[in-house]
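Residue numbers start from 1 in every chain, and the chains themselves are labelled A, B, ... in the order their sequence lines are given, proteins ahead of strands. None of these values were measured; they are calculated from a predicted model.
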Number of protein chains: 2
Amino acid sequence: MLSIVGWVTDSVKPRAARAADKRRRLTAAAAQVLHEQGVERTTLADIARVADVPVGNVYYYFKTKDELVQAALSEHTAHLDELTGRLDQLSDPLERLKGLIEAWVGRRDIAARYGCPTGTLAVELDKRADGTLDAEAGAVIRRLLDWAGHQFRALDLPDPDDLAVTLVSAYQGMSLLANALRDPDIMTRQGTRLIHWLDSLKAPDRTP
Amino acid sequence: MLSIVGWVTDSVKPRAARAADKRRRLTAAAAQVLHEQGVERTTLADIARVADVPVGNVYYYFKTKDELVQAALSEHTAHLDELTGRLDQLSDPLERLKGLIEAWVGRRDIAARYGCPTGTLAVELDKRADGTLDAEAGAVIRRLLDWAGHQFRALDLPDPDDLAVTLVSAYQGMSLLANALRDPDIMTRQGTRLIHWLDSLKAPDRTP
DNA sequence: GTCTATACAGGGATAGAC
DNA sequence: GTCTATCCCTGTATAGAC
């Protein structure tokens with residue numbers, strides 16, 4: 001470190017700051033590796049390596065592997081909140097929803113390679129007899145459903161909650177297909193269709 | 001066994017017949033248990049127990065666990081072919097597609113508890129670095145896409161393959177959400193929306 | 001063909017030195 | 001607070017008796 005600031009950061013507040021930093025690195029690594037490899041095939045050693053933390057030390061920060069899964073879920077929730085927070089700056093709810101779809105399409109390569117982080121995690125956690133964490137993954141999805149439902153309600157559309165389910169289902173479905181077929185273009189084409197669908201909802205019923 | 005037929009079946013053709021039977025039982029058990037528990041959390045002992053076959057004996061029929069996964073995928077393909085074969089009896093392609101949706105909704109409780117058998121399997125297999133089987137799951141999905149695309153083409157609709165992707169995506173998405181939120185009603189409500197969507201495709205463009 | 005016993009590997013978790 | 005060494009269980013796969 002050449003800068004004084006860097007030096008100060010590294011050695012003057014070592015204890016709490018560095019500890020918090022390791023925790024943060026482990027959380028970020030967990031979110032990434034669990035997404036890429038899945039829960040069952042990911043070892044603590046994998047996460048420790050990516051976080052650049054010695055294996056045995058992991059247990060100082062997280063008592064069990066499940067706590068790392070939970071940390072990954074919090075990370076995904078935080079990312080979601082950050083995205084919806086930015087979209088909330090837009091005044092038109094329809095534009096907010098379109099912005100959400102654009103964000104999904106923007107991550108098409110990740111989706112085609114590893115699927116939706118929350119969706120694939122939900123699938124894996126739901127397979128466990130020990131149902132300690134599967135509700136947690138559902139909660140992240142519900143958070144997205146609530147936000148989307150809020151936008152549809154603001155647009156005065158009928159059955160806003162059902163519309164939110166349709167939108168999020170479409171996203172999960174196209175992510176799954178893009179992943180299974182390893183084809184990011186699916187995200188692009190289906191994203192376009194979703195935008196048209198949103199526009200068609202505003203068109204009033206033409207029957208007398 | 002009281003009937004002569006039963007007795008004959010049990011003891012006169014023991015070798016090949018009984019062997020084929022065990023193989024069939026193991027395949028069916030694999031399809032069921034792998035769906036319910038997922039690949040990684042399922043042990044060979046689990047499958048052997050459900051199939052009522054001694055653990056060590058499994059290796060006589062399937063040399064590796066992966067071969068059992070492959071057998072499960074074949075089972076799902078067979079079920080799919082049986083369903084589409086029945087739907088092909090209907091003369092109207094639109095009715096065939098509606099029949100498909102009705103079949104999905106009919107299995108809503110299974111979907112809410114364990115998700116779509118093929119979809120969740122695809123998610124799990126895609127997480128494996130060793131990409132030996134993930135293409136296989138994609139092939140089953142593609143088989144469904146092809147059949148659906150064929151129907152849309154028969155209806156003379158534009159971009160039939162994209163429409164097929166939209167339909168199958170919707171199914172995978174609603175299954176995932178129904179599963180994550182443990183709510184079979186999602187299947188019912190989204191199924192209704194899908195039927196309306198199909199009907200709306202037939203309505204000609206009203207703009208001049 | 002059928003089944004038991006077991007070899008072997010991998011990974012989660014812990015003990016305890018520093 | 002940090003890290004190494006290791007315990008111990010679980011699960012795949014095999015050897016070999018019957």
Side-chain angles (χ1 to χ4, degrees), chain A residues 9-27 29-30 32-34 36-73 121 124-125 127-130 132-133, chain B residues 9-27 29-30 32-34 36-72 124-125 127-130 132-133:
Chain A
T9 305
D10 277 4
S11 73
V12 164
K13 42 175 190 169
R15 256 152 279 238
R18 286 225 308 253
D21 197 55
K22 279 201 179 179
R23 185 169 235 283
R24 225 173 292 128
R25 264 153 50 204
L26 281 167
T27 302
Q32 181 201 326
V33 181
L34 290 175
E36 294 176 359
Q37 308 189 346
V39 178
E40 305 294 341
R41 295 187 74 90
T42 296
T43 69
L44 297 177
D46 290 336
I47 297 176
R49 193 179 338 106
V50 172
D52 198 34
V53 168
V55 208
N57 199 357
V58 170
Y59 285 94
Y60 180 75
Y61 297 96
F62 298 93
K63 271 183 269 301
T64 67
K65 186 180 180 180
D66 274 10
E67 283 190 17
L68 273 165
V69 176
Q70 218 153 5
L73 278 167
L121 202 45
E124 262 196 294
L125 295 178
K127 296 295 181 195
R128 319 203 318 184
D130 158 345
T132 31
L133 285 176
Chain B
T9 304
D10 278 3
S11 72
V12 164
K13 42 175 190 169
R15 255 154 281 237
R18 284 226 308 253
D21 197 55
K22 278 201 178 180
R23 185 168 233 286
R24 225 173 292 128
R25 263 153 51 205
L26 281 167
T27 302
Q32 181 201 326
V33 181
L34 290 175
E36 294 175 1
Q37 306 189 349
V39 178
E40 305 295 340
R41 296 187 73 89
T42 296
T43 69
L44 297 176
D46 290 336
I47 297 176
R49 194 181 334 109
V50 172
D52 199 33
V53 168
V55 206
N57 199 357
V58 171
Y59 285 93
Y60 180 76
Y61 298 95
F62 299 93
K63 271 183 268 301
T64 65
K65 186 180 179 180
D66 274 11
E67 282 190 17
L68 274 165
V69 176
Q70 217 152 4
E124 263 196 293
L125 295 178
K127 296 296 182 194
R128 317 202 322 183
D130 158 343
T132 32
L133 285 176

Identify each atom pair where a protein N or O and an N or O of nucleotides 13-15 of chain C are less than 3.5 Å apart, giving names and distance.
unit_1, atom_1, unit_2, atom_2, d
C:dA13, OP2, A:Lys65, N, 3.1
C:dA13, N7, A:Tyr59, OH, 3.4

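At whole-Å resolution of the value, CD in A:Glu40 and P in D:dT12 are 12 Å apart. Taking atom CG of B:Leu26 as the reference point, atom C1' of C:dT2 lies 13 Å away to the nearest angstrom. Per the geometry, CZ belonging to B:Phe62 stands 13 Å off P belonging to C:dT2, to the nearest Å. Taking atom CG of residue A:Leu68 and atom P of nucleotide C:dG11, one finds them 16 Å apart after rounding to whole Å. Between the CZ atom of B:Arg41 and the P atom of C:dG10 there is a distance of 20 Å, rounded to whole Å. Between the OH atom of B:Tyr60 and the C1' atom of D:dT14 there is a distance of 16 Å, rounded to whole Å. Protein atom CG of B:Asp46 is 8 Å distant from nucleotide atom P of D:dT12, rounded to whole Å. Between the CG atom of B:Asn57 and the C1' atom of D:dA13 there is a distance of 14 Å, rounded to whole Å.
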Donor-acceptor pairs under 3.5 Å, side chain of residues 49-57 of chain A to any protein atom, not counting sequence neighbours: which ones?
unit_1, atom_1, unit_2, atom_2, d
A:Arg49, NH2, A:Asp46, OD1, 2.8

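With hydrogens and angles disregarded, no donor-acceptor distance shorter than 3.5 Å links the side chain of A:Arg41 to the backbone of B:Lys127.
Contact annotation: A:Tyr61 reaches the phosphate of D:dT2 (side-chain N/O to OP1 or OP2, under 4.0 Å).
Residues meeting the side chain to side chain contact (heavy atoms under 4.5 Å, CB included) test with B:Ala48, sequence neighbours left out: B:Val58. Residues passing the salt bridge (Lys or Arg N to Asp or Glu O under 4.0 Å) test with B:Glu36, sequence neighbours excluded: none.
Screening residues 57-68 of chain A for salt bridge (Lys or Arg N to Asp or Glu O under 4.0 Å), with sequence neighbours left out, gives A:Asp66-A:Arg128.
Just one of B:Val69, B:Val39, B:Leu133, B:Leu34 meets the side-chain contact (heavy atoms from CB on, under 4.5 Å) condition when paired with B:Glu124; it is B:Val39.
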